[in-house]
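Input: a single structure, listed below in structure tokens.
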Amino acid sequence: MRLSAYFLPLLKENPAEAQIVSHRLMLRAGMIRQASAGIYSWLPLGFRVLKKIEQIVREEQDASGAQEMLMPTIQSAELWRESGRYDDYGKEMLRIRDRADREMLYGPTNEELITDIFRSVVKSYRDLPKNLYHIQWKFRDEVRPRFGVMRGREFLMKDNYSFDIDQKAARHSYNKMFVAYLRTFARMGLKAIPMRADTGPIGGDLSHEFIILADTGESAVYCDKAWLEADILAEAANVDYENDLQPFVDKWTRLYAATDEKHDPAAIPADRLVTARGIEVGHIFYFGTKYSKPMNAVVAAPDGQMVPVEMGSYGIGVSRLVGAIIEASHDENGIIWPESVAPFKVGLVNLRASDKKCTAACDELYAKLRAAQLEVLYDDRDESPGAKFATMDLIGLPWQLVVGPRGLAAGKVELKHRKTGVREELTPEAALQKLAS
RNA sequence: CGGGGCGUAGCUCAGCCUGGUAGAGCGCCAGCUUUGGGAGCUGGAUGCCGGAGGUUCGAAUCCUCUCGCCCCGACCA
């Protein structure tokens, strides 16, 4: 993509309404635009990142055996009356009436709808287990939206729902998601620490929040310092979902980690304790028959008895992750995208667009990068070098390929790594090879 | 939902107290000069001063109402 043609409204100054760094950077980098409080349009650059994150989530869900579907954003109030949540949800639920004066709502989550679909189709334990997910926009009419996409009213969420015949099987479904979540976040360059969460009236130990550490996180968290060195991805990547996952889950829940509400100073020696701030990016939850009972989602067990299915639900805040990743990865000059979610892999910088030789060299590199299937944003604008460097640092592409008359005279281009700041003088061919590897 | 604050050019903001008919910097457009970390000069365009009502000869400025947005708290993927 040529930057001269790209819709990328950059801001040099910080918009007054943005308080935290991810919000400021997303606005300045032209990723989003606020439509109203807590509701955002995603501009091309931001949308690319959103899609990258969504795709990683999708791949890991699929790998775990979950199946993707899509449920509507608008739901009927009827189902919510059945579960009893229509009144419980209160003003956070956006309620709408259609032309026939039917009560509708913009879904804040989908337990009722998925349970309705499930119960109307699945009648036997032979059809279990099932795990269904979708990635869909949700709406929760927060009293106080803030922090940009981190705490919006409209947000994109992956949510899935597992159905099992008994608690043992449900625990296996839960464990699968536990593993899938570790893998998902690790692939985004994040260290998401599973922290035991409130399970509500059901009790037990089957609820975890996945928290990433970031200085600007909204809540205080406490964990064993061993978490900081733990290489989760290396271990999670090799997990076979068909095996018993309990030993793996036990291992990654043994190390101390707790949110503010759950923190017990007596549970961990002071010299092992790390105090930090965290952002919740995922939540997994086993809730048994909370919905299947009132909504009569029952299946025939092997003994012929009709039993309510055991359910769990699992959420990942996809749009929130865009902000969360920036919170965890930025510097004073801008965003530093992990390669897996970067909107483009490389920014090609033409330092002097008015120079024919320089532009010819850039055009050639651009063609070769594209031929190599590398995602490239080509800054072909007639701007000063300083402005171009500042733009590249702001939007945070992992690699900057800088081409100027001075270097070209020596047959060299410069390859800068955004994260480390390391710059290398290379021949154009060597730079291409390095980027392609 | 309680408490506080802010709405003036695309962005950041001054002007409001003390009423006299709209400003700066950045950005944008044109031209010239520049060019390895947000370049310089010259010229130019841009505003229902959030909206409605009121006071006044006259309102961005004073009063009332209203809408929107932000912050703190309680609540949350």
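These numbers come from a predicted model, not from an experiment. Letters A, B, ... mirror the listed sequences (proteins, then strands); counts begin at 1.
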Is it true that [X] and [Y] have ring centroids separated by less than 6.0 Å?
X         : Y         : answer
Tyr286(A) : Tyr174(A) : no
Phe178(A) : Phe210(A) : yes
Trp137(A) : Phe155(A) : no
Tyr222(A) : His263(A) : yes

Using atom [atom1] of each nucleotide, how far apart are [N] and [M] to the nearest Å?
N      : M      : atom1 : result
U12(B) : C57(B) : P     : 39 Å
C63(B) : C16(B) : C1'   : 14 Å
C29(B) : A45(B) : P     : 15 Å
A52(B) : U8(B)  : P     : 16 Å
U21(B) : C49(B) : C1'   : 12 Å
G40(B) : G25(B) : P     : 12 Å
G27(B) : G38(B) : C1'   : 12 Å
G20(B) : A59(B) : C1'   : 10 Å

Indicate whether OP1 or OP2 belonging to [N] is found under 4.0 Å from a side-chain N or O atom of [X].
X         : N      : result
Arg144(A) : C71(B) : yes
Gln34(A)  : C70(B) : yes
Arg320(A) : C76(B) : no
Lys12(A)  : C11(B) : no
Lys91(A)  : C1(B)  : yes

Between atom [atom1] in [X] and atom [atom2] in [N], what is the gap in whole Å?
X         : N      : atom1 : atom2 : answer
Asn14(A)  : C13(B) : CG    : C1'   : 14 Å
Gln19(A)  : C6(B)  : CD    : P     : 15 Å
Glu92(A)  : A74(B) : CD    : P     : 15 Å
Leu10(A)  : C28(B) : CG    : P     : 11 Å
Phe147(A) : C75(B) : CZ    : C1'   : 13 Å
His23(A)  : C71(B) : NE2   : C1'   : 13 Å
Glu218(A) : G73(B) : CD    : P     : 12 Å
Glu17(A)  : G10(B) : CD    : P     : 15 Å

Looking at CG of Leu45(A) and CE of Met26(A), how far apart are the two atoms once the value is rounded to the nearest 0.5 Å? 9.0 Å
Would you say the base of [N] and the side-chain of [X] have a donor-acceptor pair closer than 3.5 Å?
X         : N      : value
Lys416(A) : G37(B) : yes
Asp393(A) : G37(B) : yes
Arg28(A)  : G38(B) : yes
Glu13(A)  : G25(B) : yes

Does the distance from a Lys or Arg side-chain N to an Asp or Glu carboxylate O, for Lys416(A) and Glu424(A), drop under 4.0 Å? no
Any Lys/Arg nitrogen of Lys158(A) or Glu54(A) sitting under 4.0 Å from an Asp/Glu carboxylate oxygen of the other? no
Give Ser36(A) one of three labels, base, sugar-phosphate or nothing, depending on what nucleic acid heavy atoms sit under 4.0 Å from its own. sugar-phosphate
For Gly148(A), report the nucleic acid contact type (base, sugar-phosphate, nothing); a contact means any heavy atom under 4.0 Å. nothing
Is Thr289(A) reaching over with its side chain to a backbone N or O of Ser292(A), donor-acceptor style, under 3.5 angstrom? no
Starting the side chain at C-beta, find the nucleotide from [options] nearest to [X].
X         : options                : result
Arg146(A) : C69(B), A74(B), A77(B) : A74(B)
Arg151(A) : A74(B), C70(B), C76(B) : C76(B)
Ala16(A)  : C13(B), C72(B), C1(B)  : C13(B)

Using a cutoff of under 3.5 Å, can you pull out all pairs of nitrogen or oxygen atoms linking the protein to nucleotides 34-36 of chain B, with atom names and distances?
residue: U35(B); atom: O2'; partner: Arg352(A); partner atom: NE; Å: 3.2
residue: U35(B); atom: O2'; partner: Arg352(A); partner atom: NH2; Å: 3.2
residue: U35(B); atom: O4; partner: Ser354(A); partner atom: OG; Å: 3.0
residue: G36(B); atom: O2'; partner: Arg406(A); partner atom: NH1; Å: 3.3
residue: G36(B); atom: O2'; partner: Arg406(A); partner atom: NH2; Å: 3.3
residue: G36(B); atom: O6; partner: Gly407(A); partner atom: N; Å: 2.9
residue: G36(B); atom: N2; partner: Glu414(A); partner atom: OE1; Å: 2.7
residue: G36(B); atom: N2; partner: Glu414(A); partner atom: OE2; Å: 3.4

Which nucleotide, if any, forms a Watson-Crick or G-U wobble pair with [N], using both distances under 3.5 Å?
N      : result
C75(B) : none
G20(B) : C57(B)
C32(B) : G40(B)
C65(B) : G51(B)

Can you tell me which residue among Trp399(A), Tyr378(A), Tyr6(A), Trp337(A) is in a ring pair (Phe, Tyr, Trp, His ring centres under 6.0 Å) with Phe344(A)? Tyr6(A)
Parallel, tilted or perpendicular: which describes the rings of Phe285(A) and Phe287(A), with under 30° parallel and over 60° perpendicular? tilted
Let me spell it out: for each of Val149(A) and Leu11(A), pick the nucleotide of RNA chain B with the closest heavy atom. Which residue's pick is nearer the 5' end? Leu11(A)
Mapping Phe155(A) and Lys388(A) onto RNA chain B by nearest heavy atom, which one lands closer to the 5' end? Lys388(A)
